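On a predicted model such as this, the values are computed, not experimentally measured, just so you know.
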Amino acid sequence: MKSKQLQAALAALVIAGSGVLVTDTAEAAKATALQELVPQPVQVQSRAETFTLSAAAKIQLGSPDARKPAELLAKILRPSTGYALPVTDGVTGDGIVLTSGADPRTGPEGYQLDVTPKQVVIRANTAAGHFNGISTLRQLLPAKAEAKTRQQGPWQVPGASILDHPRYQHRGAMLDVSRHFFTPAQVKRYIDQIQQFKINYFHLHLSDDQGWRLEIKSWPELTKIGGSTEVGGRTGKLFYTQDEYEDLVRYAADRGITVIPEFDMPGHTNAAQASYAELNCDGKKRPLYTGTEVGFSSLCINKDITYKFVEDVIKEVSAITPGPYFHLGGDEALSTPDADYTTFMNRVLPLVKKYGKTTTGWHEFIKTTKDTTAIPQFWGTETTDANVAAAAQRGNKIVMSPANRIYLDMKYNKDTKLGLDWAGLVEVKDAYSWNPGAYLKGVTEANVRGVEAPLWTETLKSSADIEYMAFPRLPVAAELGWSPASVHNWDRFAPRLGAQGPRWKIQGINFYASTQVPWKK
């Protein structure tokens with residue numbers, strides 16, 4: 001018979017990509033949830049003990065930074081458990097504890113999570129770390145903990161000790177609300193879905209040829225006219241007031257997510273040009289556009305009114321966006337000559353800085369500036385781009401969004417009814433099978449700021465459509481952005497991804513059940 005010491009040592013082995021080594025069937029059952037985490041943590045140790053959440057449990061705060069994460073956790077668990085789960089200051093007994101004092105290795109976004117028979121303790125150095133810790137805790141609880149109605153317990157968490165921190169600082173998701181408009185409630189639904197996978201940036205594409213989606217008080221026709229229609233021709237109030245936008249920004253912040261607003265320019269601007277004649281070189285309004293072609297529109301580069309318009313937009317949006325970034329698009333300006341494009345960027349980039357924001361944009365813009373604080377977002381389908389490589393060598397940090405890997409609107413296969421295929425067909429394994437830190441020639445791991453998964457909506461009209469294209473590929477992007485490169489292995493990842501299926505069903509997520517993934521029943 002094995003000694004108790006040896007059994008304990010075996011039960012505490014670090015879980016690598018292949019899972020945890022256990023000594024008997026009972027221990028294996030407890031370890032299962034630890035083997036199913038997405039994104040995979042840096043380090044996981046199994047413990048023999050199990051924590052059971054009771055009706056008397058409290059969520060206890062040992063750090064003021066933990067209040068918002070604790071309130072979010074309570075909001076998620078109260079409906080399914082039926083428990084009161086009060087959030088209290090100070091650590092006084094059994095329950096869930098969110099406190100400070102995390103190992104320095106966790107950094108600004110990581111956490112430690114320890115499960116004992118009496119407590120689940122999450123230690124983090126910041127609120128961001130606590131948000132990430134509770135995302136892991138949610139996956140350690142039974143899937144029915146995500147239900148909106150009361151379920152039968154017990155609510156058990158397997159014994160564990162986890163130390164975790166992200167590979168990259170930027171783990172983003174983008175939603176295009178310009179081609180098809182989505183209501184505040186629909187956007188909040190998507191924010192809730194991305195939050196559980198440690199996504200920390202939400203990029204909102206708020207203007208394009210088909211629609212201008214945010215109220216600009218100094219230019220009211222932008223929404224009155226430009227925000228009145230969308231792809232396919234539906235009409236109505238298809239925009240956010242500034243109050244609605246600020247509410248969305250707060251909603252995201254209460255979930256540990258920073259909103260990045262995008263206003264695409266100097267191309268993709270037909271909605272603005274349809275709203276104001278003076279933005280056109282000929283002084284005539286453009287007709288509203290409800291198609292899906294790109295590259296035909298451009299602001300008038302040589303008119304001073306263009307830059308008053310752009311400055312007013314940047315000024316108003318920056319005032320209601322607490323996050324540090326302003327995304328100015330800059331892609332597919334096919335109707336803007338190169339010299340005019342450079343002229344435009346030379347005048348506009350300083351305006352972003354003037355109003356206290358850092359510029360980010362689609363990677364084309366980076367050829368016009370040597371400012372190393374600017375953040376290019378690479379969306380190409382090739383593995384070489386001289387301008388992006390040169391920027392990386394100067395010191396710019398790159399957000400990786402290659403369209404043939406991580407554009408969530410690409411069809412999975414030729415039979416997928418939604419989405420497009422201009423960048424190729426992107427099955428789940430394709431979305432996983434690339435290394436953000438070694439994908440683009442001249443861009444190393446150290447040059448990469450992070451990963452973002454854009455979702456364009458030419459063909460998407462509902463939340464169910466969003467979910468079908470985003471799941472399961474959004475969690476793939478989250479894994480690439482969070483988990484260590486050393487655990488990157490499809491054969492080990494696919495079962496962990498498949499284990500999310502029951503949780504998504506309970507949450508009502510309309511996911512694509514790829515045959516490449518072994519879905520848990």
Side-chain angles (χ1 to χ4, degrees), residues 29-38 49-61 66-88 93-98 111 113 115-122 130-160 162 185-186 188-199 251 254-257 463-464 467 471-472 474-475 478 496-511 519-521:
K30 292 178 182 178
T32 300
L34 301 179
Q35 296 170 299
E36 295 176 344
L37 296 171
V38 176
E49 307 95 340
T50 296
F51 170 82
T52 301
L53 187 69
S54 71
K58 300 175 182 179
I59 301 178
Q60 304 169 49
L61 303 181
R67 181 164 297 279
K68 288 290 186 182
E71 290 172 350
L72 176 61
L73 181 61
K75 184 177 181 180
I76 291 165
L77 297 182
R78 283 168 182 155
S80 57
T81 64
Y83 299 164
L85 297 176
V87 176
T88 62
D94 297 358
I96 298 172
V97 176
L98 278 66
Y111 62 93
L113 190 154
V115 182
T116 70
K118 293 185 177 296
Q119 291 182 331
V120 174
V121 180
I122 298 173
H130 284 294
F131 278 116
N132 293 324
I134 68 165
S135 292
T136 296
L137 176 56
R138 288 172 66 179
Q139 290 189 30
L140 292 176
L141 283 159
K144 60 187 176 181
E146 303 289 340
K148 298 299 184 185
T149 56
R150 188 165 184 175
Q151 306 293 309
Q152 186 66 42
W155 304 105
Q156 293 184 329
V157 181
I162 297 174
Q186 289 173 310
K188 288 177 179 179
R189 178 177 173 88
Y190 194 48
I191 289 171
D192 283 333
Q193 290 165 352
I194 68 176
Q195 190 278 334
Q196 61 188 312
F197 293 99
K198 304 181 174 68
I199 297 295
Y251 190 88
D254 285 347
R255 285 148 184 80
I257 296 173
S463 288
E467 292 158 14
F471 289 86
L474 177 81
R496 285 191 289 114
L497 184 62
Q500 307 303 312
R503 196 170 299 272
W504 297 345
K505 288 178 181 178
I506 287 169
Q507 292 175 329
I509 293 175
N510 179 42
F511 67 95
W519 296 103
K520 186 175 182 179
K521 301 299 183 183

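The structure places NZ of Lys148 at 12.0 Å from CD1 of Ile506, a figure rounded to the nearest 0.5 Å. The line from CZ of Arg255 to CD1 of Ile191 is 8.0 Å long, rounded to the nearest 0.5 Å. Interatomic distance, Leu141 CG to Arg503 CZ, rounded to the nearest 0.5 Å: 7.5 Å.
Proximity of a side-chain donor or acceptor of Arg78 to a complementary backbone N or O of Ala84 within less than 3.5 Å is detected. Within the 3.5 Å criterion, the main-chain N or O of Gln152 finds a donor-acceptor partner in the side chain of Lys144. Distance alone, capped at 3.5 Å, places no donor-acceptor pair between the Gln151 side chain and the Gly82 backbone.
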Worksheet entry | Audit row: Leu53, Val157, side chain to side chain contact (heavy atoms under 4.5 Å, CB included) steps and yes/no | CA-CA 8 Å; Leu53 187 69; Val157 181; over 6 Å; no

Practice prompt. May I have the step-by-step check of side chain to side chain contact (heavy atoms under 4.5 Å, CB included) for Leu72 and Asp254, ending in yes or no?
Written response: CA-CA 8 Å; Leu72 176 61; Asp254 285 347; over 6 Å; no

Discussion item. Run Thr136 and Tyr111 through side chain to side chain contact (heavy atoms under 4.5 Å, CB included) and show every step you take.
Written reply: CA-CA 10 Å; Thr136 296; Tyr111 62 93; 2.5 Å; yes

Item to complete: Any chance you could lay out the side chain to side chain contact (heavy atoms under 4.5 Å, CB included) test for Asp192 and Tyr251, step after step, and finish with the verdict?
Response: CA-CA 9 Å; Asp192 283 333; Tyr251 190 88; 2.6 Å; yes

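Among Gln507, Gln500, Glu146, the one residue that satisfies the side-chain hydrogen bond (donor to acceptor under 3.5 Å, both in side chains) test with Gln196 is Gln507. Partner Val38 forms a side chain to side chain contact (heavy atoms under 4.5 Å, CB included) with one of Pro475, Ser135, Pro472 and no other, that one being Pro475.
Gln119 and Gln60 share no side-chain donor-acceptor pair at under 3.5 Å.
Taking both residues in full, the closest heavy atoms of Ala143 and Pro502 are given as CB-C, 4.2 Å, listed atom of the first, atom of the second, then distance. What you find for Pro142 and Pro154 is that their closest heavy atoms are CG-O, 4.1 Å.
Counting heavy atoms from C-beta on, the side chains of Lys75 and Glu71 never come closer than 4.5 Å. The closest side-chain heavy-atom distance from Leu140 to Phe51 is not below 4.5 Å. Looking only at side-chain heavy atoms (C-beta outward), Ile96 and Ile134 stay at 4.5 Å or farther from each other.
The side-chain hydrogen bond (donor to acceptor under 3.5 Å, both in side chains) check on Ser463 picks up nothing, with sequence neighbours excluded. The side chain to side chain contact (heavy atoms under 4.5 Å, CB included) search around Asn510 returns Ala464, Glu467, Tyr468, not counting sequence neighbours.
Taking the six-membered ring where tryptophan is involved, the planes of Trp519 and Phe511 are tilted, since the angle between them lies from 30° to 60°.
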